[in-house]
Amino acid sequence: MIRLTGRYRNEIDSDQLVNLYENSGWVSYTKDMNKLKRALANSLYVVTAWHDDRLIGLARAVGDGETILYIQDVVVHTDYRRHRIGTGLIEKIIKEYPDIRQKALLAEDNDDIRSFYEEIGFMACDQGNMVGFVRFD
């Protein structure tokens, strides 16, 4: 049985985090596990997906909790993709902050990712009258 758990504040086993992030190709996050754990602890909201005792998905929200919500680290284990787990993670975050009008996220630009986010109501910044900017140091 798959369950979603919100407002995580307990420690997630480091091995579980490494397995999830590295399975998804997010190896830059696991180079410094203390930094990743601090990022999770400092997030506004973290939602996790579990299959029995196995961590299979995670998403988190960062921002001010009032005017803007950034959805960050939508990660689903490859064995569990295309089962609406990512959608469930994002929907749980959005339901937690219904009064925040501006919800934003950054993602790689490929057809699958673009299609996924557009299907759940997000609009790419290269469409319409918006522009997005990012700086990586």
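Position 1 is the first residue of the sequence; numbering continues from there. No hydrogens, no waters, no symmetry mates; every other heavy atom, side chains included, goes into these values.
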For S28, side chain to side chain donor-acceptor pair (under 3.5 Å) partners two or more places apart: none
In Å, rounded to the nearest 0.5 Å, how long is the span from CD1 of I56 to CG of N23? 11.0 Å
With hydrophobic residues grouped by side-chain heavy-atom distances under 4.5 Å, do V47 and V62 end up in a single group? no
Just wondering, more than 12 heavy atoms not from R54 lying within 6.0 Å of its CZ? yes
Within this structure, what is the CG-CG distance for the pair L55 and D13, rounded to the nearest 0.5 Å? 9.5 Å
Working to the nearest 0.5 angstrom, can you tell me the gap between K103 NZ and I90 CD1? 12.5 Å
Under the 3.5 angstrom rule, does the side chain of T78 hit a backbone N or O of S24 as a donor-acceptor pair? no
More than 12 heavy atoms of other residues, nucleotides or ligands under 6.0 Å from CG of D111: yes or no? no
S14: partners by side chain to side chain donor-acceptor pair (under 3.5 Å), with sequence neighbours left out: K37
Step-by-step side chain to side chain contact (heavy atoms under 4.5 Å, CB included) determination, L17 to T30: CA-CA 8 Å; L17 286 170; T30 59; over 6 Å; no
Backbone N/O of I85 and side chain of H83: donor-acceptor pair under 3.5 Å: no
Could you list the residues that satisfy salt bridge (Lys or Arg N to Asp or Glu O under 4.0 Å) with R81, not counting sequence neighbours? none
Minimum-distance pair of heavy atoms, taken over all atoms of R60 and A39: NH1-O, 3.3 Å
Report the C-alpha separation of Y21 and M33 in whole Å, then their side-chain angles, then the decisive distance to 0.1 Å, and conclude whether the side chain to side chain contact (heavy atoms under 4.5 Å, CB included) test is met. CA-CA 11 Å; Y21 277 76; M33 286 304 296; over 6 Å; no
Can you give me the closest heavy-atom contact between I93 and A61, atom names plus distance? CG2-CB, 3.8 Å
OH of Y80 to CG of L20: how many Å apart, nearest 0.5 Å? 11.0 Å
Salt bridge (charged side-chain N to carboxylate O under 4.0 Å, His left out): which pairs involve residues 16-35, sequence neighbours left out? none
Residues that D99 engages under salt bridge (Lys or Arg N to Asp or Glu O under 4.0 Å), provided they are two or more places apart: none
Can you tell me how far apart OH (Y117) and CG (D112) are? Round to the nearest 0.5 Å. 12.0 Å
Could you measure the distance from the CZ atom of R84 to the CZ atom of F116? Nearest 0.5 Å is fine. 8.5 Å
Run the side chain to side chain contact (heavy atoms under 4.5 Å, CB included) test on L58 and I12 for me, step by step, so that the C-alpha distance in whole Å, both residues' side-chain angles and the decisive distance to 0.1 Å come before the verdict. CA-CA 11 Å; L58 181 145; I12 296 175; 4.2 Å; yes
Side-chain (E119) to main-chain (T87) donor-acceptor, under 3.5 angstrom: no
Let me check something: any side-chain donor-acceptor pairs from residues 65-72 under 3.5 Å, sequence neighbours excluded? List them with distances.
residue, atom, partner, partner atom, Å
T67, OG1, D64, OD2, 2.7
Q72, NE2, Y29, OH, 3.4

